[in-house]
Amino acid sequence: MNYAKYIFIILSFSLFAQEKIPVKQIAKYNFEGENIIQIDKFGTQYSFSDNTFYSKGTKGNFEYSNLQLGDITSVNAFNPLKINLFYKDFNTIVILDNRLAEIKKIDFNLLTPFRIVTKISSANDNAIWLFNDNTQQLELFDFINNKTKHTTLPIDGNVLDLKSNYNFCWLLTDTFIYTYNYFGSLISKQPNNGFEQLAETNGSLVLKSNNSLFILPKDSGKMTELDLPKLLIKRFFVTNETLYIYDGEMLHQYQLINE
């Protein structure tokens, strides 16, 4: 074994062998719907099943389906006024308002230059982040004018996840965790030590590895495991420092504790 491997093992051990961060359980309840993707600060639940997207809240229950586009691949409801539905098989994104009326449909098969979109996430204004598998680049795409505003340099590795807020974007590959600003400039890049998915909350990241969750605070390189009970993590997301975990039957709600 060479010195580089020894160093990697030491760094990996120091990364994961830390005291766990406590979390406080707020509630848990039965929930039907494996593909829940968000509960916003007003309590509105967003989920999808096959080709139908659901919004359930105090202002009413709404649903949207497009049989021509088939099953929904992913949904991003970070901005509830411009919800993004991604149909990977048809290389298409649909933008919905808060009552799930269609604002815009973007068929990338009809646009030039040709893009193969594999991941999307909401951005500021009338834009979305998308990963173009054809060029291996992340693009900030203006969906009103159908043009790219900013593009990153080509990215190495297989893309696993993509999340964003109004100012930054985080791209998870099988080798690195990338952070970009709104102009597509690289802010940071650090090794991915086995993480598979990520969620964002006020600039901090929550990352999943196997069946454990870790938090990477904003402006910090220290990754620490969350002290959670043993449960199956099928889906997770964070809203206003509240962590939600769906285990296949129950939706668990935890308060992230800042120390």
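The structure presented is a predicted model; accordingly, all values stated were derived computationally and were not measured.
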Please check this pair: side chain of Ser209 against backbone of Gly194, looking for a donor-acceptor N/O pair closer than 3.5 Å.
yes

Quick check: are there more than 12 heavy atoms from other residues, nucleotides or ligands sitting under 6.0 Å from CG of Asn158?
no

Carboxylate-amine/guanidinium contact Asp107 Lys105, below 4.0 Å:
no

Quick one: do Thr135 and Arg115 satisfy side-chain hydrogen bond (donor to acceptor under 3.5 Å, both in side chains)? Show the steps, please.
CA-CA 8 Å; Thr135 61; Arg115 301 170 178 84; over 6 Å; no

Return the orientation label for the Tyr180 and Tyr178 ring planes: parallel under 30°, perpendicular over 60°, tilted otherwise.
parallel

Using 4.0 Å as the upper bound for N to carboxylate O, is an ion pair formed by Lys20 and Glu225?
yes

Distance-only side-chain donor-acceptor flag, Ser122 / Asn76, under 3.5 Å
yes

Six-ring centre of Phe90, Lys88 cation under 6.0 angstrom, axis tolerance 45°
no

If the plane angle is over 60° it's perpendicular, under 30° parallel, otherwise tilted; pick one for Tyr46 and Phe53.
parallel

Trace of the salt bridge (Lys or Arg N to Asp or Glu O under 4.0 Å) decision for Lys208 with Glu196
CA-CA 6 Å; Lys208 179 175 179 286; Glu196 309 146 8; 3.2 Å; yes

Using a strict cut-off of less than 4.0 Å between a Lys/Arg side-chain nitrogen and an Asp/Glu carboxylate oxygen, indicate whether Lys149 and Glu139 qualify as a salt bridge.
no

Sort out for me which residue in Thr152, Ile116, Ile155, Thr173 forms a side chain to side chain contact (heavy atoms under 4.5 Å, CB included) with Phe131.
Ile155

Lys189 to Phe176 six-membered ring, cation-pi geometry met (6.0 Å, 45°)
yes

Do Tyr244 and Phe237 have ring centroids that are under 6.0 Å from one another?
yes

